[in-house]
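Each remark here refers to the structure printed beneath this line.
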Amino acid sequence: MDNKNADLSFLKIDRSSHRSDNSGSKNKIFIFGGIAVIAALAVWGIMAATSSSEQEVEIGTAMVTSPAQENSVLSASGYVVAQVKAAVASKATGRLEFLAVIEGDHVKKGSIIGRVESADVEATLGQAKAGLESAKADLEDASLNFERQKTLFDQKSISKAEYDIANARYKRASAGVKSAEANVRAAEVQVENTYIRAPFDGTVLNKNANVGEVITPFGAAAGSRGALVTLADMSSLEVEADVSESNIEKVIPNQQCEITLDAIPQKRYRGFVHKIIPTADRAKATVLTKIRFIDRDVRVLPEMSAKILFLNNKQNVPVENSASKLTVPSSAVVLRNGRKVVFIVKGEKAAETPVVVGDSMGALVEIKEGVADGDKIVLHPSETLSSGTKIRTVAK
């Protein structure tokens, strides 16, 4: 058999189809990879756009402000403090058996607030009174005997020794009466000490004990109470404020002040500098200043926080004659399309609101229309801030 002339071409491997398949797979990989990259870039772009649309802003508040701030030379904060205040305790030790007041009650000086048990001291008083009666009887007998002996001695019917004995007995009986009277007074004081009386006209702030508890003068015993109630004279309420040493020269006695309580922000009270304590607090570098109310109502209570404006006495502007104005910080008002606007915080977004402005008051500006008292507003709004922009607030 002639193998040389045999056709071996069919034994060759055809690689053309294999190359075509590999090329197609690679193309598909590149296409899918490109799509994934484009999708990732799109997601990143959306997230970046969302993130960039949220702005960090500083927040302020629209509030009613007194024009007295234009006339103020200094501001400070402090607390309402009763200058006449006492923790009323019992002088006697015993179990509380009667309590006549609760928190908020008004009491008069000398009125009975409570009483501790008094059976033992009342028994002592009874014994003292009985002793006094016995001493008086002895004195009466000694007095009659002395008168008789004196008559007999004058008639020279008895000796001088007998007269002296009668006289000595009379003097001892007189001293015995005085001693018995002192014992009665001491027992009466002990009984009186079981009564707890108001030391001045005032209002009960705290009730510290209840009927059945043991009362001691100093509350030193375990389980005992010292003060029964805490009283304060509401007419003595003053605001105590710490003024910085660097600003104390701006404060003078009798200087007019405007007092605003955090609990009653819409009400302004007239006051004046009553006393500047002549010493400084080394730790705080402040000087304690007391401001007395000129007009005060029943809403003013001890320990309320207060803000004080020290006014310029040269201007002599009565606080009650100056009308309050709604104000916002000047930095909150900006121009948008030729009109003045502020951005009010509503939820997590800013809302552009047109406003009508009035007079400037230092760092504040009056708002006549567009904003309500208490509205939260954006301070220093950026040029990119617009209505509907999501915001993240930071502390002022």
So, taking the atom named CG in Leu99 and the one named CD1 in Ile113, what distance separates them when rounded to the nearest 0.5 Å? 9.0 Å

Return the minimal non-hydrogen interatomic distance between Ala306 and Ile308, and the atom names on each side. O-CD1, 4.1 Å

Here the pair of heavy atoms bringing Asp105 nearest to Ala100 is OD2-O, 4.3 Å

For residues 273-283, which residue pairs qualify under side-chain hydrogen bond (donor to acceptor under 3.5 Å, both in side chains), counting only residues two or more places apart or in two chains? Glu238-His274, His274-Arg292

Val273 to Thr289 - nearest heavy-atom pair and separation: CG1-CG2, 3.9 Å

State the CG-CE distance between Leu326 and Met63, to the nearest 0.5 angstrom. 9.5 Å

Ala89 and Ala227: which non-hydrogen atoms are nearest, and at how many Å? CB-CA, 4.0 Å

Give a yes or no answer on whether the side chain of Arg270 reaches the backbone of Ile294 with a donor-acceptor pair at less than 3.5 Å. no

Would you say Phe272 ends up clustered with Val251 if hydrophobic residues are merged whenever their side chains have heavy atoms under 4.5 Å apart, either directly or through other cluster members? no

Over 12 foreign heavy atoms within 6.0 Å of NZ, Lys340: no

Test item: side-chain donor near acceptor, Glu240 and Gln83, under 3.5 Å: yes

Is there a continuous path of hydrophobic side-chain contacts, each under 4.5 Å between heavy atoms, that joins Ile196 to Val191? no

Does atom CD of Glu140 have more than 12 heavy-atom neighbours, drawn from other residues, nucleotides or ligands, at distances under 6.0 Å? no

Heavy-atom side-chain contact between Val204 and Thr230 under 4.5 Å: no

When you check the gap from the basic side-chain N to the acidic O, do Arg268 and Glu258 get nearer than 4.0 Å? yes

Let me confirm one number: the CD-CD1 distance from Glu352 to Ile344, rounded to the nearest 0.5 Å. 11.0 Å

Distance from Ile59 atom CD1 to Lys376 atom NZ, nearest 0.5 Å? 8.5 Å

Taking the side chain as C-beta and beyond, is there a heavy-atom pair between Leu385 and Val378 under 4.5 Å? yes

Leu132 and Asn183, any side-chain heavy atoms less than 4.5 Å apart: no

So is Arg115 actually on top of Phe98's ring, under 6.0 Å and inside 45° of the axis? no

First locate atom NZ of Lys307, then atom CG of Leu309, and finally report the distance between them rounded to the nearest 0.5 Å. 10.5 Å

Quick one: CZ on Phe343 to CD1 on Ile377, what's the gap to the nearest 0.5 Å? 12.0 Å

Treat each ILVMFWY residue as a node, draw an edge where side-chain heavy atoms are under 4.5 Å apart, and state whether Val211 and Val101 are in one component. yes

Is a side-chain donor or acceptor of Asn247 paired with a backbone partner of Ser244 at a separation under 3.5 angstrom? no

Validation row: Ile391, Glu348 side chains within 4.5 angstrom (heavy atoms): no

Between Glu122 (side chain only) and Ala119 (backbone N and O only), is there a donor and an acceptor less than 3.5 Å apart? no

According to salt bridge (charged side-chain N to carboxylate O under 4.0 Å, His left out), does anything in residues 191-205 pair up with another residue at least two apart or in another chain? List the pairs. Glu192-Arg197

Got a list of side-chain donor-acceptor pairs under 3.5 Å for residues 149-157, not counting sequence neighbours?
{"from": "Thr151", "atom 1": "OG1", "to": "Glu147", "atom 2": "O", "distance (Å)": "3.0"}

Closest heavy-atom contact between Ala198 and Leu231? CB-CD1, 4.0 Å

hydrophobic_cluster_shared for Leu237 and Val81, side chain cutoff 4.5 Å: no

Just checking, is any N or O donor in the side chain of Gln55 or Thr384 under 3.5 Å from an acceptor N or O on the other one? yes

What orientation do Phe146 and Tyr170 show, parallel under 30°, tilted 30 to 60°, or perpendicular over 60°? parallel

Side chain to side chain, Phe200 and Val107, heavy atoms closer than 4.5 Å: no

Please step through side chain to side chain donor-acceptor pair (under 3.5 Å) for the pair Lys267 and Thr260, ending with a clear verdict. CA-CA 7 Å; Lys267 173 66 177 179; Thr260 306; over 6 Å; no

If hydrophobic clusters are built from ILVMFWY residues whose side chains come within less than 4.5 Å, do Leu288 and Leu74 share one? no

Test item: Asn167 and Lys171 side chains (from C-beta on) under 4.5 Å apart, heavy atoms: yes

Tightest non-hydrogen contact, residues Ser90 and Val116, listed as OG-CG1, 4.1 Å

Quick check: do Val300 and Leu261 have side-chain heavy atoms less than 4.5 Å from each other? yes

Are there over 12 heavy-atom neighbours, none belonging to Asn337, within less than 6.0 Å of that residue's CG? no

Does Lys85 pair with Asp233 as a salt bridge, N-O distance under 4.0 Å? no

Report the C-alpha distance between Arg392 and Glu56 in whole Å, list the side-chain angles of each, state the deciding distance to 0.1 Å, and finish with yes or no for salt bridge (charged side-chain N to carboxylate O under 4.0 Å, His left out). CA-CA 5 Å; Arg392 182 172 66 256; Glu56 191 174 79; 3.6 Å; yes

With heavy-atom distances below 4.5 Å as the criterion, would you say the side chains of Val57 and Pro381 are in contact? no

